[in-house]
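Here is the structure we will look at.
Residue numbering restarts at 1 for every chain, and letters A, B, ... go by the order of the sequence lines.
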Amino acid sequence: MIYRYKAEDICLEHIFECGQTFRWRPAKNISGDAGHPEVYEGVCGGYFARVSLNDGVLTVDATGGDEEFWFNYFDLGRDYGEVKRVLSEKEPKILEATKQGYGIRILNQDFYEMLISFIISQNNNIPRIRKCIEAICEEYGEIIPGTDRYAFPKPEVLAAADVSRLAELKLGYRCPYIVESSKRFLEVGLPVENDTAALKKELLKYHGVGPKVADCIMLFGLGRVDAFPIDVWVKRIMNDMYGFELNDLKGMQAFAAEKFGEIGGLAQQYLFYYYREM
DNA sequence: GCGCAGGGGGTCG
DNA sequence: CGACCCCCTGCG
């Protein structure tokens, strides 16, 4: 099915390359406006999709989902112009970052997929994260009919996976985390906590999920835009921009909450993307 | 060319 | 606070 949406403040390259998702890539031999690849192909949960942007119209050609699903996935209900205004008002220094990261949007992704993906991301680099995730999908996910891509594996499958077979996918010490966390997810289901701090505490119970990964799961898998993931890049940013000691996680977290409030996660994405490009 | 640190969107014990 | 699986990079 094909779905079309009128959209502002959207750039596919910035959305798919800012590190929030790992299964999208530019379609070969198709280039769009302003030198940006404006056609991407990827897998979201169990759906394959080809996505393009032309004259402010987002086109999603997908094997599943519906109009509302993709509207929500691309966070089209949020006014990012307003987000940028608010952020720049709170912190003028961020204006440059919002220009550079023009069109970034926080994707509303599947909780379990984010749980496993960001467990894999720990102490790892983006190209290898992508490889690991593709490998686990090919090995444990179902092929999507009419494509050469595989759905993200179901929790039941990974919960029952043999650790030694998982290890063949070069997931390293993360293998037991993946199996244990899948089991736990099957037991406890989606978290229900309303309060962000309580929610984070709950996520930290997953083996292999620490503060940074928990924040990513909340931001990308639970729509909590107040979550502010602090990774090595954000540490450098906070050090560089505000003089925080590199190990002063608490100070940074408190500062972000104070400075960016309810939309800290959006500020984080702009800053992260901005600094990674330099 | 090749071997070896060093480090990567951290977490655990 | 050190170790950790694995991969890639830079340096001698």
request  = Rounded off to whole Å, could you give me the CD1-to-P distance for the I129(A) and dT11(B) pair?
outcome  = 12 Å

task = Rounded off to whole Å, could you give me the CD1-to-C1' distance for the I120(A) and dT11(B) pair?
result = 15 Å

ask   = How many Å lie between NZ on K212(A) and C1' on dC12(B), as a whole number?
value = 17 Å

query = Any side-chain donor-acceptor pair under 3.5 Å between Q268(A) and Y273(A)?
reply = no

task = Enumerate the residues from residues 222-244 of chain A whose closest heavy atom to DNA chain C is under 4.0 Å, giving them by residue number; use none for an empty result.
result = none

Positive for side-chain hydrogen bond (donor to acceptor under 3.5 Å, both in side chains) with K84(A), one of T98(A), D79(A), D9(A) = D9(A)

request  = Can you tell me, in whole Å, how much space there is between the C1' of dG2(C) and that of dG6(B)?
outcome  = 16 Å

task = Round to a whole Å and report the spacing from OH of Y173(A) to P of dG8(B).
result = 12 Å

inquiry  = For a quick check of understanding: with a heavy-atom distance under 4.0 Å over all strands, which category does Y275(A) fall into, base, sugar-phosphate or nothing?
reply    = nothing

ask   = Could K154(A) and E142(A) be called an ion pair, given the rule that one side-chain N must be under 4.0 Å from one carboxylate O?
value = no

query = Which value, rounded to the nearest 0.5 Å, describes the distance between R174(A) atom CZ and I116(A) atom CD1?
reply = 12.5 Å

query = Side chains of Y3(A) and D66(A): do they bring a donor and an acceptor to under 3.5 Å?
reply = no

query = Can a salt bridge be assigned to the pair E41(A) and R25(A) using a cut-off of 4.0 Å between side-chain N and carboxylate O?
reply = no

Whole-Å gap separating C1' (dG10(B)) and CD1 (I217(A)) = 12 Å

salt_bridge(R78(A), D75(A)) N-O dist < 4.0 Å = yes

task = Let me have DNA chain B in dot-bracket notation, would you? Count Watson-Crick plus G-U wobble pairs, both distances under 3.5 Å, and use [ ] for pairs crossing earlier ones and | for inter-strand partners.
result = .|||||||.||||

message = Reading DNA chain B from 5' onward, which residue's closest nucleotide shows up sooner: L204(A) or F118(A)?
response = F118(A)

ask   = Measuring from C44(A):SG to F152(A):CZ, what's the distance to the nearest 0.5 Å?
value = 11.5 Å

request  = Would you mind classifying the nucleic acid contact of G210(A) as base, sugar-phosphate or nothing, using non-hydrogen atoms under 4.0 angstrom?
outcome  = sugar-phosphate

ask   = With distance as the sole criterion, is a donor-acceptor pair present between the side chains of Y5(A) and T59(A) under 3.5 Å?
value = no

inquiry  = Does Y140(A) form a side chain to side chain contact (heavy atoms under 4.5 Å, CB included) with L158(A)? I'd like the steps, not just the answer.
reply    = CA-CA 7 Å; Y140(A) 293 98; L158(A) 290 183; 3.7 Å; yes

query = Which whole number of Å gives the distance between the P atom of dA3(C) and that of dA5(B)?
reply = 14 Å

query = Under 4.0 angstrom, heavy atoms only, what part of the nucleic acid is I126(A) near: base, sugar-phosphate, or nothing?
reply = base

query = So does R184(A) pair up with E202(A), basic N to acidic O under 4.0 Å?
reply = yes

remark   = Whichever of Q269(A) and Y177(A) has the more 5' nearest nucleotide on DNA chain B, that residue is Q269(A)

Show the distances under 3.5 angstrom between N or O atoms of the protein and N or O atoms of nucleotides 7-10 of chain C.
| residue | atom | partner | partner atom | Å |
| --- | --- | --- | --- | --- |
| dC8(C) | OP1 | K131(A) | NZ | 3.3 |

Sugar-phosphate, base or nothing in reach of C175(A), heavy atoms under 4.0 Å = nothing

inquiry  = More than 12 heavy atoms of other residues, nucleotides or ligands under 6.0 Å from CD of E193(A): yes or no?
reply    = yes

inquiry  = Whether H207(A) contacts dG13(B) is assessed here as follows: a side-chain N or O lying under 4.0 Å from the phosphate OP1 or OP2. Is that the case?
reply    = yes

request  = Have a look at P127(A) and say if it touches a base, only the backbone sugar-phosphate, or nothing, with a 4.0 Å heavy-atom cut-off.
outcome  = nothing

request  = Quickly work out the E180(A) CD to dG13(B) C1' distance and round it to whole Å.
outcome  = 14 Å

key: Approximate separation, where rounding is to 0.5 Å, of Q253(A) CD and K200(A) NZ   = 4.5 Å

task = Mind calculating the distance between CZ (R174(A)) and C1' (dC6(C)) to the nearest angstrom?
result = 7 Å

key: Integer-rounded Å distance: dC6(C) C1' and Q122(A) CD   = 13 Å

